[in-house]
Amino acid sequence: MHTDNEWEARYQAGTTGWDRGQASPGLFYWLDQGVLVSPARVLIPGCGNGYEVDELARRGFEVVALDIAPTPVNNLRQRLRQQHLRATVEQADLFEWQADVPFDAVYEQTCLCAIDPAQRAAYADQLYQWLRPGGVLLAQFMQTGQDGGPPFHCALEEMATLFPASRWQLPERQGPVVDMGEGRRELGHALVRR
């Protein structure tokens, strides 16, 4: 299990291979398809440097972004100030943080694949609690085809168990497929909270 100190050390050392330096193509897919429409309250857990936060704030969304490591939180806050954009950015433990009001959408890109697989059920419970009924979870399931991590492989069979039909309306079709290089890709799914 990675601690907040380990994630912070990665940001300090610049060993953040997951950081694209810009918003993910997956986010633009959800926006272009009209799955994510402003105005809406959007949560981005494990936001890192949070380029998706900039993009959504620019488009008029009410955004809350969370990360456990102080460096990316500070980087994001500074960048938002420089661009005169508004968003709430908090340094927080995902397993303890609670929302005052449920969200319309959660953009889940690299958090699920980053946490220890033993923590996935607790994280899935958090995702469910953070969303209002009818809210959408825009999940990018990392496909590595390998043991170990991070990033940890998110087998689709396991994801179907983690996000059961009793709690989630599963999508009729898959969303974006984003090539991450090194044989990795993200498979996008829009799950609606029941």
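Values in this document were obtained by computation on a predicted structure and should not be read as measured data. Heads up: numbering here begins at 1 and tracks the sequence.
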Any side-chain heavy atom of [X] sitting closer than 4.5 Å to one from [Y]?
X	Y	result
Cys47	Leu66	no
Asn74	Leu76	no
Pro102	Leu131	no
Leu156	Leu187	yes
Phe152	Leu112	no
Ile44	Val64	no
Ile68	Leu94	no
Glu186	Thr110	yes

Quick check: does any side chain N or O of [X] sit under 3.5 Å from a backbone N or O of [Y], one acting as donor and the other as acceptor?
X	Y	result
Arg194	Ala165	yes
Glu108	Cys111	yes
Asp179	Arg185	no

At their closest point, which heavy atom of [X] faces which heavy atom of [Y], and how far apart are they?
X	Y	value
Ser38	Gly60	OG-O, 3.2 Å
Val136	Ala190	CG2-CB, 3.9 Å
Ala23	Phe28	CB-CE1, 3.7 Å
Met142	Cys113	CB-CB, 3.5 Å
Gln126	Gln98	OE1-NE2, 3.1 Å

Distance, nearest 0.5 Å, that separates [atom1] of [X] from [atom2] of [Y]:
X	Y	atom1	atom2	answer
Leu31	Leu56	CG	CG	6.0 Å
Gln22	Asn49	CD	CG	13.0 Å
Leu43	Leu137	CG	CG	10.0 Å

According to the side chain to side chain donor-acceptor pair (under 3.5 Å) rule, which pairs have a member within residues 131-156, sequence neighbours left out?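 Residue pairs with at least one partner in residues 131-156: Asp104-Arg132.
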For residues 53-65, which residue pairs qualify under side chain to side chain donor-acceptor pair (under 3.5 Å), counting only residues two or more places apart or in two chains?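 Found Arg41-Glu62, Asp54-Arg79, Asp54-Gln83, Glu55-Arg58, Glu55-Arg59, Arg58-Gln83.
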Distance-only criterion, 3.5 Å: show the donor-acceptor pairs between side-chain atoms of residues 169-178 and protein atoms not counting sequence neighbours.
residue: Arg173; atom: NH1; partner: Tyr29; partner atom: OH; Å: 3.2

Those residues that, when tested against [X], pass salt bridge (Lys or Arg N to Asp or Glu O under 4.0 Å) (two or more places apart):
X	answer
Glu52	none
Arg120	Glu158
Glu90	none
Arg184	Glu182

Please answer: with hydrophobic residues joined when any side-chain heavy atoms are less than 4.5 Å apart, are [X] and [Y] in the same cluster?
X	Y	result
Val42	Val89	yes
Val106	Leu162	yes
Val35	Met159	no

Any residue meeting side chain to side chain contact (heavy atoms under 4.5 Å, CB included) with Ala87, in chain and number order, not counting sequence neighbours: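 If we apply the side chain to side chain contact (heavy atoms under 4.5 Å, CB included) test to Ala87, skipping adjacent residues, the hits are Val53, Val63, Leu80.
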Those residues that, when tested against Asp125, pass side chain to side chain contact (heavy atoms under 4.5 Å, CB included) (two or more places apart):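 Checked Asp125 against side chain to side chain contact (heavy atoms under 4.5 Å, CB included); matches are Arg167.
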Under the ring-ring contact (aromatic ring centres under 6.0 Å, His included) definition, can you give me all pairs with a residue in residues 170-194, not counting sequence neighbours?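 Counting only pairs at least two positions apart or across chains, the ring-ring contact (aromatic ring centres under 6.0 Å, His included) contacts touching residues 170-194 are Phe141-His189.
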Which pairs count as ring-ring contact (aromatic ring centres under 6.0 Å, His included) when at least one residue sits in residues 87-127, sequence neighbours excluded?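 Listed by first then second residue: Trp97-Trp130.
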What pairs with Trp168 under ring-ring contact (aromatic ring centres under 6.0 Å, His included), at least two apart in sequence or on another chain?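 With neighbours one apart ignored, the set is Tyr128, Phe163.
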